[in-house]
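Note sheet for the following structure.
Every value quoted in this text rests on a predicted model; they were computed, and no experiment measured them. Residue numbering restarts at 1 for every chain, and letters A, B, ... go by the order of the sequence lines.
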Protein chains: 4
Amino acid sequence: MTSAYFSGSSEAGPRSAGKILGAARTVLSQQGYPGLTIEAVAAEAGVGKSTIYRWWPNKEALIADALAQVFRADEIPDLGDTHAELRQAVDMTISNYDNDEMAASLPALAVGLLPNPDLMARFREVFLLRKRENIAVALRRAADRGDLPHDVDTDLVQDVWAGTILYRRLMTGEVLDEHLAEHLVKIVTASPEQFSHKSCP
Amino acid sequence: MTSAYFSGSSEAGPRSAGKILGAARTVLSQQGYPGLTIEAVAAEAGVGKSTIYRWWPNKEALIADALAQVFRADEIPDLGDTHAELRQAVDMTISNYDNDEMAASLPALAVGLLPNPDLMARFREVFLLRKRENIAVALRRAADRGDLPHDVDTDLVQDVWAGTILYRRLMTGEVLDEHLAEHLVKIVTASPEQFSHKSCP
Amino acid sequence: MTSAYFSGSSEAGPRSAGKILGAARTVLSQQGYPGLTIEAVAAEAGVGKSTIYRWWPNKEALIADALAQVFRADEIPDLGDTHAELRQAVDMTISNYDNDEMAASLPALAVGLLPNPDLMARFREVFLLRKRENIAVALRRAADRGDLPHDVDTDLVQDVWAGTILYRRLMTGEVLDEHLAEHLVKIVTASPEQFSHKSCP
Amino acid sequence: MTSAYFSGSSEAGPRSAGKILGAARTVLSQQGYPGLTIEAVAAEAGVGKSTIYRWWPNKEALIADALAQVFRADEIPDLGDTHAELRQAVDMTISNYDNDEMAASLPALAVGLLPNPDLMARFREVFLLRKRENIAVALRRAADRGDLPHDVDTDLVQDVWAGTILYRRLMTGEVLDEHLAEHLVKIVTASPEQFSHKSCP
DNA sequence: TAGTAAACGAGACGGTACGTCACGTCTTCCT
DNA sequence: AGGAAGACGTGACGTACCGTCTCGTTTACTA
């Protein structure tokens with residue numbers, strides 16, 4: 001698979017999919033999200049506008065595919081060490097957001113897709129679910145080891161992690177360093193019962 | 001002072017500031033962020049476009065002022081009860097984000113302002129700093145009581161809170177209920193040492 | 001009145017009507033009818049496309065107004081001499097068509113307007129009726145003198161004149177010289193009874 | 001030979017020439033000249049675009065061939081009666097133009113070909129010369145009978161006839177009835193000396 | 001009868017122009 | 001004098017066709 005992933009037609013794509021998505025990322029990092037126009041991408045890719053519109057219904061879908069190329073959703077290997085695994089999960093999340101390209105584009109994308117539930121669902125699938133499941137596996141492994149509650153709320157953990165990281169990056173502009181990473185891991189490991197489903201008062 | 005707050009000219013405003021900001025909020029909730037155009041606001045407010053441009057430099061500033069009107073940054077009263085105070089802080093944050101108008105607009109705004117550091121700084125001042133300081137007071141009060149470390153990292157606490165809430169609202173679409181609120185409070189109170197400045201390993 | 005005549009809004013027009021219609025004629029003579037694009041006219045006039053679209057609904061209306069500026073529909077003065085007056089009428093018709101701009105554009109215009117009866121009616125009014133009435137006056141004057149039948153079919157006369165001239169110019173490409181002009185006049189004066197309404201067999 | 005006549009390659013043609021030219025005429029009468037696109041013709045004919053482009057260089061050539069199929073250029077038989085023969089010539093001309101397909105398309109075609117002298121020459125050959133020569137034969141026969149001057153200007157006669165007919169059809173929209181036909185014949189027979197080459201003053 | 005070369009349908013491609021929309025600036029006219 | 005009304009130059013939008021160009025697939029002639 002090389003492209004047209006977000007738009008759904010995962011089996012096929014334009015011959016110039018690579019050129020186009022690459023151009024989209026180039027324009028995105030040079031001009032920022034508001035400066036990313038289809039015409040600019042077409043020009044940068046040396047491609048006709050219609051070739052882009054033939055395969056992506058709109059700017060949002062194109063950007064989604066372009067970002068999907070660089071969005072990491074790796075599996076967390078079993079290191080035998082819960083802290084190390086969770087740190088790896090947090091680091092992966094940080095690396096996903098620690099560039100203007102992604103930090104600015106993902107929320108803008110979400111905003112653009114909000115009115116369209118179908119596209120929003122697809123967005124979540126591509127950018128959230130795949131990564132979340134991989135991290136959830138590591139979290140459940142930690143639960144098996146007894147380091148986390150057996151009914152650990154993997155979604156809450158990841159909402160706290162990704163939310164904090166994205167918020168810092170986009171809104172406050174603070175750096176995403178290993179201090180933060182360590183804090184985020186420890187918040188979970190230090191009071192694991194807060195991230196259990198049944199821990200409601 | 002009634003308006004033009006974000007744009008800096010806090011001492012004055014157009015005669016129709018109220019009408020205009022109200023119209024902006026109306027359009028925002030009816031058409032969503034992408035449908036909010038200056039021309040639509042002018043029409044809704046029964047006002048000339050130039051009147052808007054006379055007082056707000058661009059669409060972003062206008063939206064910022066419109067949102068600032070409904071963004072809560074209340075002081076947290078001394079209730080003598082740390083948990084109750086923190087819960088109040090979290091509830092205020094949730095109430096700020098628990099509507100599409102704000103959830104979609106704030107990130108879109110941030111993205112629009114990102115390339116302009118001055119406006120971004122002003123944005124942070126209006127939407128983050130005022131609220132943060134009020135909550136920081138409560139956090140430091142809790143530290144004085146001994147419920148939190150004396151060097152509590154008020155920014156980290158609030159990044160976790162607001163980040164998680166905004167992320168849920170915008171990206172995953174999950175509900176923001178009192179379960180979540182309680183979890184967020186307890187994350188902090190259950191392992192307070194994780195939110196201390198010096199707690200780095 | 002300087003413009004927007006064809007489009008109906010005769011009382012008003014864009015501030016740059018002159019520039020725009022002039023540019024249209026320039027492009028028309030330099031690029032020919034098929035090369036006349038709205039974008040080319042806008043560029044030549046140093047004007048935004050939207051200014052053109054604000055005042056003319058489409059390319060046809062614009063060209064119509066541009067041509068109307070140079071289309072002659074003079075009154076034929078009473079010279080006391082039927083032959084001289086008719087020759088003047090024929091000469092005026094020839095001068096209207098004896099340039100590529102008009103010869104190529106008028107039929108193209110007619111073809112473009114054919115599907116729209118309203119615009120076609122307006123086209124006839126602007127380009128045919130005004131001129132025809134002026135010539136009809138001269139023809140009736142000739143009838144009063146006894147040089148033509150009292151019920152002279154002024155439309156037929158002018159159909160023969162304009163038809164022959166336009167056909168030569170556009171289809172056969174032959175020159176429109178004074179030989180032709182003289183023939184056309186004499187065709188009418190030599191057998192005037194053929195141009196009477198009641199002369200049907 | 002069935003097609004590709006206008007384009008010059010008279011010896012051969014696509015297997016689907018019939019389908020294509022038929023589709024062209026169908027589209028022409030259903031959508032009008034401006035709606036005739038190569039893609040529409042290809043779709044209507046159930047044919048690939050490239051098949052059309054393989055045999056016709058452009059839209060104009062295709063339309064020309066499509067029209068050539070229905071353009072009549074019959075010989076005028078010797079009826080022994082000048083008036084009857086000329087009336088037949090005029091009727092043939094009328095029948096050529098008395099449908100929107102031809103009336104709108106021929107001028108549009110001429111306009112499109114104007115900038116290209118070669119194609120224009122070919123256009124004249126196909127649509128004018130063949131018919132003109134057949135009619136010229138009848139006119140010269142009339143001259144031999146003494147009904148027209150021996151140096152009758154056959155071109156002028158036909159310019160007057162075809163010009164008047166086409167002008168009525170395209171520009172004024174008046175009907176082409178037998179009144180008109182009779183007038184056109186009589187204009188020539190009533191003052192034949194006006195249609196002589198040497199009759200210049 | 002099989003092999004081959006053309007013509008074919010389908011449709012992607014790089015383009016151009018379309019007509020629309022909103023921007024942010026500007027001018028005009030009314031109150 | 002201030003503001004509503006809205007025209008202006010600009011530039012991106014998404015659409016429609018252009019004419020060119022691969023693709024396999026018939027089709028029909030040759031071997």
Rounded to the nearest Å, what distance is computed from the [atom1] atom of residue [X] to the [atom2] atom of nucleotide [N]?
| X | N | atom1 | atom2 | result |
| --- | --- | --- | --- | --- |
| A/Leu62 | F/dG14 | CG | P | 11 Å |
| C/Ile20 | F/dA7 | CD1 | P | 13 Å |
| D/Leu36 | F/dG19 | CG | P | 12 Å |
| D/Trp56 | F/dT20 | CH2 | P | 15 Å |
| C/Asn58 | F/dA16 | CG | P | 18 Å |
| A/Arg15 | E/dA10 | CZ | P | 18 Å |

Worksheet entry | Main-chain N/O of B/Lys19 paired with B/Ser16 side-chain donor or acceptor, under 3.5 Å |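 Checked: no pair found.
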Worksheet item: Counting N and O atoms only, with roles assigned by atom type, does the side chain of C/Thr51 sit under 3.5 Å from a partner on the main chain of C/Val47, one being a donor and the other an acceptor?
Response: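 Such a contact is absent between C/Thr51 side chain and C/Val47 backbone.
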Practice prompt. Give the intermediate values and the outcome of side chain to side chain contact (heavy atoms under 4.5 Å, CB included) for residues C/Leu62 and C/Ile20.
Written response: CA-CA 9 Å; C/Leu62 173 62; C/Ile20 291 171; 3.9 Å; yes
Worksheet entry | Pairwise side-chain contact, B/Asp100 with B/Tyr33, heavy-atom cut-off 4.5 Å (strictly under) | no
Worksheet item: Just wondering, do C/Thr26 and C/Val41 contact through their side chains at under 4.5 Å, heavy atoms?
Response: no
Worksheet item: Are B/Lys59 and B/Tyr53 in a cation-pi contact, defined as NZ or CZ under 6.0 Å from the six-membered ring centre and within 45° of the axis?
Response: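 The answer is no, since B/Lys59 fails at least one limit relative to B/Tyr53.
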Practice prompt. Look at the side-chain N and O atoms of C/Trp55 and state whether any lies under 4.0 Å from the OP1 or OP2 oxygen of F/dC8.
Written response: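 For F/dC8, OP1/OP2 do have a side-chain N/O of C/Trp55 under 4.0 Å.
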Discussion item. Near DNA chain F, counting only heavy atoms under 4.0 Å, which residues of residues 37-54 of chain D show up?
Written reply: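 Going residue by residue through residues 37-54 of chain D, the ones with a heavy atom under 4.0 Å of DNA chain F turn out to be D/Thr37, D/Ile38, D/Glu39, D/Lys49, D/Ser50, D/Tyr53.
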